[in-house]
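Only one structure is covered here, and it is reproduced in the block below.
FYI, the numbering just counts along the sequence from 1.
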Amino acid sequence: MKELLGLSHLFITVFLSDISTFMVVPVITDVTMSALCPGKDKCSLAIYLSGFQQGIIGLGTLVMMPLVGNLSDKYGRKTLLTVPMILTILPLGVIAYSRERNFFYLYYVFKTLTAMVCEGSVHCLALAYVADNVAEGRRASAFGVLSGIGSSAFVCGTLSARFLSTSSTFQVATSVAVVAAVYMRVFLPDSVVGGGLTAPFISNEKPELTKPDGESTRNGMQLFKSMPSLEDMVSLLKTSSTFSQAAIVAFFSNLADFGLHGSMMYYLKARFHFNKDQFADLMIISGIAGTISQLFLMPALVPALGEEKLLSVGLLFSCAHMFLYSIAWSVWVPYIAAMFSILFYLSHPCMRSIVSKQVGSCEQGMAQGCISGICSFANVVSPLAFSPLTALFLSDQAPFNFPGFSIMCIGFASMIAFIQSMTIRAAPSMLFQRGSDCDNAEV
C-alpha cells in the first residue's frame, strides 16, 4: 500500500492524460462522418482514412516506442513523459477550434504526426516508472491498479462526452491535456533508473562541451548511442522463452484489439445507427467493468491463479467478446458483449508484469518499449487486414450478408493469442542486463 501511495502523482498524471484522450473517442466517428460524408450512416472513405491513419501511426510508434523506452532508462521517465504529453495538445486544439472540413484535415495530419510519438508512450513510460518503484512480487497488482486508473479515466472521459456537446468535448479535452502536462512537470518526481545523467534533455543545466580526458565527443553522441538497433531488439527477445512467448501474445492480442477499435464503431453505426451517445454508453459499461476487474478482482486473482493463467482467462473472454459482437442480432447484444470487459481487461497488466520480470532494473524501459513496439507493428498490420474487409461487408457489394464478418475474423486473431498464452509457464525472474551494472552500461 505504501508503494502505491508513493505512485499517487503518477496515477493522477495518467488519469488526467487518459481522460483527455478517451473523451474524444465516442465523438470522433460522428465528426469524421460529418466532415467526409455528411448525412450518411455508411462511408467507405472514412473507414479507409481511419485505417490509413492507424497504419501510419503504427509504423511511427514501431520505431519510437523502443527508442522512447530506452532513452527513459538513461534520461529519466519524467523527461520523456513531457514530450508526448505536450504534443497531444496540438491536434485537440485544432479540432476544438473548428470542425469544418479543412480543419478536420488539419487535425487529421497533426493527429497522425503527433501520435507517432504519443500513441502508447505515456502508458509505456508509466509501466516502466511503476517497475522502478514497486518490488517484483507486487508488480502485477500495481500494473493492475495502473490499468484500473486508465479504465476509470475511460469511464469519466466517455461519461463527459455523453453529456457535453461535440464542440465542448474537444475544448474540455484540450484543457485537461494542458492541466495533465503542467501537473506532471510540477508534481511528479522522477524515478531513479540505475544512474543519473549530468544534463537531462529538459533542464537549465548546460552540458559540458570539453573535457581534458576527451570524453566530450562520446557524451555528445550519447543520444544516438541510446537508439536501440534491431540486434538489440532481437537480443532482448532471446533473453528468455517466456519473453518471446509474451511478445507473440502481445502481437496477436493487439492485432485483434486494434482491429476491433478500427471497425466496431463503423459496424455499429451501419448495423444499428449508433450515435455518439450510444457509443459513450457502450464505452461506459466496458470501462466500469474494466475498472472493477483491475482495481478489485486482480489483487485477489493473481495470488490464486498466477499471472500466466489469468492472462489466458482474460484472452478467452476477449475472444468471446469479439465473437458476440460479430453475430449481434439485436441492439442490446453490444451492451451484453461490453460486460465481458470485466475479465478480458486483466490480460494486459498480466502480460506486462510477466515481461517486467524477465529483465533487470536497468532495462525496464527498453523491455516495455520493445513490447509496445510489437504492439505498434500489430497496429500497422491490423488496418491492412481488417479495414478493407470491414468496408466490403458493410457495403452493397458484400459477397454474402454478414456485416459482422470482419469482427469474427478479428476474434480469430484473439483466439491465436489465447492459444499461445496457454504455452506460457511460470518462469523465475531474470535479473538480466546488458552490462555488468547500471552505472557501467555506457562505459
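At a threshold of 4.5 Å between non-hydrogen side-chain atoms, the residues L67 and M64 count as touching. Two residues are said to be in side-chain contact when any heavy atoms from C-beta on lie closer than 4.5 Å; I95 and T174 fail this criterion. A 4.5 Å side-chain heavy-atom check between F323 and S414 finds every atom pair outside the cut-off. Between I28 and Y107, the closest side-chain pair of non-hydrogen atoms falls below 4.5 Å. Residues V302 and E307 form a side-chain contact, since some pair of their non-hydrogen atoms from C-beta on lies under 4.5 Å apart. Under the 4.5 Å side-chain criterion, counting only non-hydrogen atoms from C-beta, S50 is not in contact with H261. Two residues are said to be in side-chain contact when any heavy atoms from C-beta on lie closer than 4.5 Å; L315 and M415 fail this criterion. In this structure, F170 and S175 have side chains that are not in contact, with every pair of non-hydrogen atoms separated by 4.5 Å or more.
A donor and an acceptor atom, one from each side chain of Q54 and N379, are located under 3.5 Å apart. Inspection of the T423 and Q420 side chains reveals an N or O donor paired with an N or O acceptor under 3.5 Å. For the residue pair S353 / R139, no side-chain donor-acceptor distance below 3.5 Å is found, with atom types taken as modelled. Using modelled atom types and a 3.5 Å distance limit, the side chains of R185 and T82 yield a donor-acceptor pair. S372 and R352 are linked by a side-chain donor-acceptor pair at a separation below 3.5 angstrom, with hydrogens and angles left out of the test. No hydrogens or angles considered: nothing links the side chains of E119 and T61 as a donor-acceptor pair under 3.5 Å. Side chain to side chain, Y129 and S72 fail the donor-acceptor criterion of an N or O pair below 3.5 Å.
Side-chain atoms of S293 come within 3.5 Å of backbone N or O of I342 as a donor-acceptor pair. With S326 contributing its side chain and I407 its backbone, the two residues share no donor-acceptor pair below 3.5 Å.
Using cut-offs of 30° and 60° on the angle between ring planes, the pair F272 and F274 is tilted.
Remark: aromatic rings of F418 and F317 are distant, center separation not under 6.0 Å. Taking the centre of each ring, Y267 and Y325 stay at or above the 6.0 Å mark. If you look at F340 and F344, their ring centroids are not closer than 6.0 Å. Proximity of the aromatic rings of H9 and Y183 is defined here by a centroid distance below 6.0 angstrom, and this criterion is met. Ring-centre distance between F377 and F251: below the 6.0 Å cut-off.
Evaluated for a ring-ring contact (aromatic ring centres under 6.0 Å, His included) with F22, the options F15, F154, F279 yield exactly one hit, F154.
A salt bridge is defined here as a Lys NZ or Arg NE, NH1 or NH2 lying under 4.0 Å from an Asp or Glu carboxylate O, and D132 with R77 meets this definition.
Heavy-atom neighbours of K269 NZ from other residues, nucleotides or ligands within 6.0 Å: above the threshold of 12.
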Trace of the side chain to side chain contact (heavy atoms under 4.5 Å, CB included) decision for M265 with M283: CA-CA 11 Å; M265 290 187 176; M283 293 175 184; 2.3 Å; yes
Residue pair F400, F405: steps toward the ring pair (Phe, Tyr, Trp, His ring centres under 6.0 Å) verdict: CA-CA 10 Å; F400 50 90; F405 182 74; 5.4 Å; yes
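Closest heavy-atom contact between A328 and R271: O-NH2, 3.1 Å.
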